[in-house]
Amino acid sequence: MEYNPQDIEPKWRQWWQTQQTYKVSNHSTKPKYYILDMFPYPSGAGLHVGHPLGYIVSDILARYKRLRGFNVLHPMGYDSFGLPAEQYAIQTGNHPQVATDRNIARYREQLDEIGLSFDWSREVRTSDSAYYKWTQWIFMRLYEHYYDRDANKALPIAQLAARFAQVGNAEVHAVCEDSTPVFSAAEWLAMDHLAQQTILLKYRFTYPGEAYVNWCPALGSVLSNDEVKDGVSERGGHPVERKMMNQWNMRITAYADRLLEGLNEIDWPDSIKEQQRNWIGRSVGASLRFDVAAHPGTQIEVFTTRIDTIYGVTFVVLAPEHELVAQLTTEAQRTEIEAYVQWAGARSDVERMADTKKVTGAFTGSYALHPFTGEQVPIHIADYVLAGYGTGAVMAVPSGDQRDWDFAKRFNLPIVPILDAQQNLDEAADPTKEGRYINSGMINGLPYAEATPLLIKHLEENGLGKGKTQYKLRDAVFSRQRYWGEPVPAYWHDGLPYLIDEQDLPLVLPAVDKYLPTETGEPPLARAKDWTYLPPARTIVKSMLDHFPDVNVSLQELEENTGISISPPPFKSVQIESFAGEENTNEEASAIGQGYEPPLGGPLELSTMPGWAGSSWYFYRYMDPENDDAFCSPEALRYWQAVDVYLGGAEHAVGHLLYSRFWNHFLYDLGLVPEREFAKKLINQGMIQGRSSFVFRAKEQFFEQYLWQRVLQPFFEAEGPIAQAQSRSEEGYNYDFAFGANDLVIEVTSYKLPEKIERIRRTAEADRKRLLVLTTEEIIDAINEPEKTAAKIRAALDSRESFYFIRDTPRCEQLYVSQSLLYKYEPDAFTKLHVDVNLVDNDLLNVEQARTKPQFDKSNFKIDPQGQFTTSFEVEKMSKSKYNVVNPDDMVRMYGADCFRMYEMFLGPVENSKPWSTSGITGVAGFLRKFWGLFFDKNGQWAVSSTAPTGDELRALHTCIKRVTEDIERFSMNTCVSNFMTCTNELRSLNCSKRAVLEPLVVLLAPFAPHIAEELWDQLGKTSTVCDAEWPVYDEAHLQLSTINYPVQINGKMRGNIEVPVDMPAGDIQEKVMAQEFVTRTLQGAEVKKFIVVPGRIINIVA
RNA sequence: GCGGGAAUGGCGGAAUGGUAGACGCGCUGGUCUCAAACACCAGUAACUUCACGGUUGUGCGGGUUCGAGUCCCGCUUCCCGCACCA
């Protein structure tokens, strides 16, 4: 029987499906193991060969753990809300669900082909209402909680309100907005509901608020910081501007410290942890206030990490947007300041980032009073001070900070040295902390370590400021003015948001007529009819009342008269199954809302949630995907706990991976999940890049004046119709002519193409411009279907853009077609493309056969000297827009899924990025064929025998078991494949077809190449799946040799080898080694100072 | 500028401080064949030698060690992330 993956693979995939081999139960006595892939956004482009890399790694791990006796949860789903589907909807008018469903179907098809062991019964889709019901539910829990600094965890907002009623907020240590006023218990109780709720919003984890946000006009939506790269939107690359808007926010800053600490307990790549630390950007320093001369009562608060440089302060700088700018500007300076503020405001982020070296600013005319010396220092504004960080104001120390130094130089402000270390402040600032302080009042003569605590103490004792920790992390903007996302489960009344009743979840996306913002600029949900919330009992009663206008009674009267409350309770207590061991109580809930009639309803929120909402908790839904009563049952959570290994790309470092940790910490505080961190181990798979192909077009001018007039025309005139291929060189260009006079193929090679030839990416745009681009595949088509191709070429060449270079694509690199061809077309004579001149046998030129049996005579082809194409490809991110996508389907069709899986693993370490290349896949294909060949004789007959294996055979097997086991454990899949190859080669040379050796090998191979393993397992006579076999254990005894081959070094240099029995004593070994010819020869009588035997390893003679 | 990572044949890449280059691709030669392809066998770091062998060699310069690709110190280059964060 011959190995033919196309025969066996679909058969077993079908069998696994009908057997439900991959279905996982939540009830098992086995230890659990949860291995998770980052779920994909199902884009219209489908999967490319880069996507499955991580899925294959996790699949191998999942299958391996299963063979080792674990109950393995290995699910997959789709992050199916998102912009592309919506853009498609805007363009076509179809509901985004349509595109989403279609894309998911395509993804599923492709994923299935690879033989991945996902339990599809647990699939989740973030855009399913049964799923986003729980996204909304978590949103509601966030709204109902605040962060308590004393408890160091999230607590119900009702408890906070209760404490306000007892002690006011001065004593309460809770995370809130800086602008929150201080009030006493009496003041709190005197506030009306509206005022109280407004205060509470400053504490809630999710809250609407005015803030500077990244507004993207092209997308018509705000974006979070991590969705903006280099001043443009990550998706689409549209410009982004800063704009003050009212948005829902997520108070992630409350967890800044917890998120930092948590990094220490998880096994994630250093780069990811570092990126997160960076993003959170904790810096410890002090905040202090400067009084302003001639403005009693006005203070400027600044933050500094270098309070030790306080005596070097010679001016103060405010951000142009700072709220005090207008007040502090003197009449004399007003014109200048206003002009500057306007100029700075008009600058986009891109511009600001582009010239950070340019020093700009303006003087307000006012002076601040130095808090330690009382000296007057000028107050400037400048856009190097950011409004969004710290207080938007800095104390400028030109001697210690380069930006302040630059500014001082530009505006002729004094620079005062403050350290006695040799400072050359004429050239640059000195940011070091070396030496002792001078010109520094109370800290003169002290070093840095002593000065800082002293100054902070002084600040705090004199009420000038305090030690403070500042973060770069901003609260995350949580609303998007888009359609295709989770509706925010809140409605508005009197300018305040209210949550809808939990019973009304999910709040389903309404139908709209168009997916665009309204004419007045409101989000698409404003187009929905009746996008208004009425609590359900009221909805019914009200509609009844509406239906019977004769019944002249209001809802309120009805409630009073019947005694039946048809309103939902104003605050719903949260039922919590606590994993943290202590119960959160909601007893004090009555403290708010007392004597207050909740609003009957109101217009629902028009914005939707951002893409990261649904992906911040999906790993729990897989544990219990059908549950309609909870996002996940406590039982399921207790069993599966958290993700053991999480696999995905590094591009989510500060987005998804940080938000998920935030939500998880929150859910943990509520006792809803058992672990602080949701993923113990994270592995980033490297990106597989694409090779982008470019076509070259001769510039028309070049063709007319140079190529044609000076090269081609004289050539034709001299030679007449060309019968044979010829070459000619001219000014650094080589032209190889291959065809007759009228239809001509010219290969042009040159290393100095650029100025005469333009490079064009092979894109839709290029095609639209009717540029003729032929791939080698199309050339092959041209032979098979000359009419079709001729028509295409004719159409293209009818235009003036008639001359093109044609380039092969990486997909066809096995075909020896040279890299660039230039066609000229004469309409009258053109009938057929004579590519066959270059090819040996036309009949064999279809792709399928060309793959298995290349039939070319290489000598007929132009191949570049290095055997590589020298021009015109670049390694880039693989992407549909770059026209460099390689499809896994094609690979699977050509070589089979097992081969594709193993080849992807064989490419190199999982975490490395690498360009995709198919060269080398034949090595893996050959291995599979050889492995298969161990089971069959030359005639294809089953050859497995029950003979007892020899020591060599057992050693080959057990070496393989040992290495593969160790390598899987450390995620070194590429060396696993090597080990299989080595073992197979050895067994082949030993002619081993023994069951005792091959059977364990099949199990070993099963995680990597499940199809061939299942087939051979079946042929070995097994009735149950190889997925449930037992992982073989290696036996050290089989690895032992009777002799050891020691390498012998003399003075650290390898000189030879010596074979000694395992049990030979060291003294005898030395005697034997010294007698060796190569030893005496190299030593030449030199005295041996030391004789080192590292048992089992090496011998080193020191002379 | 700051932070993280990397640098090994023609290529992808292997090497708990212990024979550098496993495994594969590519290339060269051979067997088979009318001839090719497939397959199989052998070779393949560089320099040197008829050969045995010798010398050099893991980005560069030092160091620790009997022994360094691996550890330490100082650089260079490249990739990734952040970037006027006070």
Side-chain angles (χ1 to χ4, degrees), chain A residues 229-230 269-275 277-279 281 283 285 302-306 309 317 352-353 355-359 382-386 388-397 400-404 406-407 431 470-473 650-651 653-654 686-687 840-841 844 852-858 866-868 903 906-909 911-915 917-924 926-927 929-930 933 963 966 972 974-982 985 988 1045-1057 1078 1081 1089-1092 1094 1096-1103:
Chain A
K229 292 263 149 74
D230 300 326
D270 288 339
S271 66
I272 299 282
K273 289 195 193 180
E274 232 11 76
Q275 279 183 59
R277 287 195 188 103
N278 232 308
W279 191 259
S283 46
V302 302
F303 174 76
T304 179
T305 52
R306 291 292 303 278
T309 63
V317 187
R352 267 174 88 139
M353 279 188 281
D355 54 5
T356 54
K357 293 215 174 68
K358 204 158 131 196
V359 181
D383 73 348
Y384 81 87
V385 176
L386 304 174
Y389 181 73
T391 58
V394 301
M395 56 177 232
V397 185
D401 184 287
Q402 190 57 44
R403 295 155 301 173
D404 296 345
D406 292 338
F407 195 82
Q470 185 73 44
Y471 301 90
K472 274 196 269 184
L473 184 70
E651 66 272 20
V654 293
M687 204 173 5
V840 174
D841 187 343
L844 294 164
T852 49
K853 293 193 171 183
Q855 300 276 336
F856 310 115
D857 182 352
K858 291 176 203 168
Q866 265 77 48
Q868 294 176 344
Y903 180 61
F906 192 60
L907 284 173
E911 63 276 10
N912 283 14
S913 285
K914 50 234 155 189
S917 153
T918 15
S919 73
I921 197 168
T922 52
V924 177
F927 154 73
R929 212 167 37 239
K930 287 180 200 171
R963 290 195 179 150
E966 286 170 359
S972 177
N974 56 326
T975 51
C976 285
V977 180
S978 299
N979 290 327
F980 283 122
M981 290 172 169
T982 310
N985 289 342
R988 265 165 69 85
N1045 189 5
Y1046 275 104
V1048 179
Q1049 294 185 341
I1050 295 172
N1051 289 329
K1053 279 198 172 138
M1054 262 296 299
R1055 294 297 167 175
N1057 289 277
F1078 71 87
R1081 170 162 49 77
K1089 296 191 188 115
K1090 216 167 170 185
F1091 190 89
I1092 298 161
V1094 184
R1097 281 278 176 205
I1098 204 166
I1099 291 166
N1100 196 2
I1101 303 167
V1102 186

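Note that this is a predicted model, so its numbers are computed, not measured. Chain naming here is simple, since letters A, B, ... match the order of the sequence lines and numbering starts at 1 in each.
To the nearest angstrom, P of B:C11 lies 16 Å from OH of A:Tyr903. Remark: P of B:A83 and CZ of A:Arg277 are 18 Å apart, rounded to the nearest angstrom. Between the CE atom of A:Met1054 and the P atom of B:A68 there is a distance of 14 Å, rounded to whole Å. To the nearest angstrom, P of B:A22 lies 18 Å from CZ of A:Phe927. Atom C1' of nucleotide B:C79 and atom NZ of A:Lys914 are separated by 15 Å, given to the nearest angstrom. Remark: C1' of B:G17 and CD1 of A:Ile1099 are 18 Å apart, rounded to the nearest angstrom. Rounded to whole Å, atom C1' of B:C38 lies 8 Å from atom CZ of A:Arg929.
Counting non-hydrogen atoms under 4.0 angstrom, A:Asp270 reaches the backbone sugars and phosphates but no base. Using a 4.0 Å heavy-atom distance criterion, A:Pro909 is classed as a sugar-phosphate-only contact. Nucleic acid contact class of A:Lys1053 (heavy atoms, under 4.0 Å, all strands): sugar-phosphate only. Counting any heavy atom pair closer than 4.0 Å across all strands shown, A:Ser271 reaches sugar-phosphate atoms only and no base atom. Residue contacts shown for A:Ile1092 include a base, since a base heavy atom lies under 4.0 Å away. Among the heavy atoms of the strands lying under 4.0 Å from A:Arg1055 are primed sugar atoms or P, OP1, OP2 only; no base atom is included. Among the atoms of the strands shown, base atoms are found under 4.0 Å from some heavy atom of A:Val1094. Contacts of A:Gln1049 with the nucleic acid, taken as non-hydrogen atoms under 4.0 Å apart, include base atoms. Residue-level contact check: A:Asn979 touches neither bases nor backbone, having no heavy atom under 4.0 Å from any strand. If you check every strand for non-hydrogen atoms under 4.0 Å, A:Asn985 touches sugar and phosphate atoms only.
Here the nucleotide nearest the side chain of A:Asn1100, chosen from B:G67, B:A86, B:G53, is B:G67. The side chain of A:Phe906 approaches B:G24 more closely than any other nucleotide in the set B:G24, B:U19, B:A86. Nearest nucleotide to the A:Arg988 side chain, out of B:C40, B:A86, B:U19: B:C40. Proximity note for A:Asp383 (side chain, C-beta onward) versus B:C84, B:C25, B:A39: the nearest is B:C84. Of the candidates B:G53, B:C84, B:A14, the closest approach to any side-chain atom of A:Arg1081 belongs to B:G53. You'll find that the side chain of A:Glu274 is closest to B:G4, out of B:G4, B:G54, B:C23.
Proximity of A:Tyr389 to the phosphate of B:A86: a side-chain N or O atom is located under 4.0 Å from OP1 or OP2. OP1 or OP2 of B:A14 lies within a sub-4.0 Å distance of a side-chain N or O belonging to A:Asn974. The shortest distance between the side-chain N/O atoms of A:Ser283 and the OP1/OP2 oxygens of B:A86 is below 4.0 Å.
Using a 3.5 Å distance cut-off with no hydrogens or angles, the side chains of A:Tyr389 and A:Ser283 do pair a donor with an acceptor. Inspection of the A:Asp406 and A:Gln402 side chains reveals an N or O donor paired with an N or O acceptor under 3.5 Å. Looking only at atom types and distance, the side chain of A:Ser978 has no donor-acceptor partner in the side chain of A:Thr975 under 3.5 Å away.
Within 3.5 Å, no donor on the side chain of A:Arg1097 pairs with an acceptor on the base of B:U19, nor the reverse. Judged by distance alone, with hydrogens and angles left aside, A:Asn278 brings no side-chain donor or acceptor close enough to the base of B:C82 to form a pair under 3.5 Å.
The P atoms of B:C60 and B:U49 are separated by 26 Å, rounded to the nearest whole Å. A gap of 8 Å separates the C1' atoms of B:A46 and B:G57, to the nearest Å.
Heavy-atom nearest nucleotides on RNA chain B were determined for A:Lys1090 and for A:Asn912, and the one closer to the 5' end corresponds to A:Asn912. In terms of position on RNA chain B, the residue among A:Gln275 and A:Gln470 whose nearest nucleotide sits closer to the 5' end is A:Gln275.
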Nucleotide-level pairing of RNA chain B, given in dot-bracket where Watson-Crick and G-U pairs need both distances under 3.5 Å and | marks other strands: (((((((..(((.....[....)))((((((.......))))))((((....))))..(((((..]....))))))))))))....
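Rounding to the nearest 0.5 Å places CG of A:Asn974 at 12.5 Å from OH of A:Tyr903. Taking CE from A:Met395 and CZ from A:Arg306, the interatomic distance works out to 9.0 Å, rounded to the nearest 0.5 Å. The structure places CE of A:Met1054 at 7.5 Å from CZ of A:Phe1078, a figure rounded to the nearest 0.5 Å.
Contact annotation: the side chain of A:Ile1098 approaches that of A:Gln1049 to within less than 4.5 Å [non-hydrogen atoms, C-beta and beyond].
Qualifying ring-ring contact (aromatic ring centres under 6.0 Å, His included) partners for A:Phe303, counting only residues two or more places apart in sequence or in other chains: none.
In B:G9 the base sits syn relative to the sugar, since the glycosidic angle is no further than 90° from 0.
Listed for the A:Tyr384 side chain is no donor-acceptor partner under 3.5 Å among the backbone atoms of A:Val359. The main-chain N or O of A:Val1102 is never found under 3.5 Å from a side-chain atom of A:Asn1051 such that the two would form a donor-acceptor pair.
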